[in-house]
Visitor: 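Below you will find the structure I want to go over with you.
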Amino acid sequence: MSMRSYRSFSVQVRAGLAVAGWPFGRIDVGDSELAVRSFLFPSVRRRSVRKESVVRVYAYKRMGRHRLKVDDTDGAFSNVSVSLIMQRQGVIDELRLRGYPVVLESPPLFGAGRR
């Protein structure tokens with residue numbers, strides 16, 4: 001992603017067993033790609049998914065935290081969870097502005113209902 005084609009937000013990123021706590025985790029919302037990364041913790045390597053592969057982005061609240069879960073056809077984000085500590089509505093608005101299908105509901109547990 002070029003510097004002008006995305007907007008970055010501070011979040012907590014959990015990717016498998018690796019965690020980058022807020023404010024060290026990032027979600028980059030781009031015109032053609034969605035990515036998570038950490039600028040401090042090398043164990044959280046950059047993961048991205050093409051916009052065309054995103055089936056839906058779940059925005060929900062669980063255990064007192066606002067979260068995002070991306071359902072994608074490539075499975076790139078299958079074990080990635082994003083906690084929105086600040087700017088919750090800003091992240092959701094940016095996703096919608098760039099054409100990502102955001103739904104305000106919890107994702108199915110254990111991958112049930114995947115198409």
Visitor: What are the two closest non-hydrogen atoms of Ala18 and Ser43, and how far apart are they?
Guide: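 Scanning both residues completely, I find the closest heavy atoms to be CB-O, 3.4 Å.
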Visitor: Using the salt bridge (charged side-chain N to carboxylate O under 4.0 Å, His left out) criterion, which residues pair with Arg50? Sequence neighbours excluded.
Guide: Glu52, Asp74
Visitor: How close do Val11 and Ser83 get, heavy atom to heavy atom, and via which atoms?
Guide: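 Minimum heavy-atom contact is CB-O, 3.5 Å.
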Visitor: Side-chain contact, heavy-atom cut-off 4.5 Å: Arg45 with Arg47?
Guide: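 Result yes, sub-4.5 Å side-chain heavy-atom pair found.
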Visitor: Any chance the side chains of Arg26 and Ser10 put a donor and an acceptor closer than 3.5 Å?
Guide: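 Ser10 and Arg26 do have a side-chain donor-acceptor pair below 3.5 Å.
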Visitor: Side chains of Phe9 and Met86: closer than 4.5 Å at any heavy-atom pair?
Guide: no
Visitor: Show the nearest heavy-atom pair for residues Pro101 and Val55, with the distance to one decimal.
Guide: CG-O, 3.1 Å
Visitor: How many angstroms lie between atom CZ of Arg88 and atom CG of Leu68, to the nearest 0.5 angstrom?
Guide: 10.0 Å
Visitor: Side chains of Tyr100 and Val29, heavy atoms from C-beta outward: is any pair under 4.5 Å?
Guide: yes
Visitor: Would a 4.5 Å heavy-atom cut-off, applied to side chains only, mark Arg67 and Lys69 as touching?
Guide: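 When only atoms from C-beta onward are counted, Lys69 and Arg67 do not touch, as no gap falls below 4.5 Å.
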Visitor: Distance check, rounded to the nearest 0.5 Å: Asp72 atom CG versus Lys51 atom NZ?
Guide: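 The distance works out to 15.0 Å.
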Visitor: Considering only heavy atoms from C-beta outward, does the side chain of Val36 approach that of Phe77 to under 4.5 Å?
Guide: yes
Visitor: Less than 4.5 Å apart, any side-chain heavy atom of Ile85 and any of Arg65?
Guide: yes
Visitor: For the residue pair Val80 and Ala15, what are the closest heavy atoms and their distance?
Guide: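 Shortest heavy-atom separation between Val80 and Ala15 comes out as CG2-CB, 4.2 Å.
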Visitor: Taking it one step at a time, do Gln12 and Arg14 satisfy side-chain contact (heavy atoms from CB on, under 4.5 Å)?
Guide: CA-CA 7 Å; Gln12 175 180 306; Arg14 180 177 302 272; 4.2 Å; yes
Visitor: Who passes salt bridge (charged side-chain N to carboxylate O under 4.0 Å, His left out) against Arg37, sequence neighbours left out?
Guide: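 Per chain and number, Arg37 pairs via salt bridge (charged side-chain N to carboxylate O under 4.0 Å, His left out) with Asp28.
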Visitor: Closest heavy-atom contact between Pro107 and Tyr58?
Guide: CB-CD1, 3.5 Å
Visitor: With a 4.5 Å cut-off on side-chain heavy atoms, are Ile27 and Val13 touching?
Guide: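 With C-beta onward as the side chain, the pair stays apart.
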Visitor: Could you check if a side-chain atom of Val57 sits within less than 4.5 angstrom of a side-chain atom of Val103, using non-hydrogen atoms only?
Guide: no
Visitor: Test question: given the 4.5 Å side-chain rule for I, L, V, M, F, W and Y, name all other residues clustered with Phe24, or answer none.
Guide: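 When side chains under 4.5 Å apart are linked, the cluster holding Phe24 also contains Phe39, Leu40, Phe41.
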Visitor: Among Val54, Leu95, Val82, exactly one meets side-chain contact (heavy atoms from CB on, under 4.5 Å) together with Val70. Which residue is that?
Guide: Val54
Visitor: Side-chain heavy atoms nearer than 4.5 Å, only ILVMFWY residues, links allowed to pass through others: does that put Leu104 and Leu97 together?
Guide: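 In one cluster with Leu104: Leu97, no.
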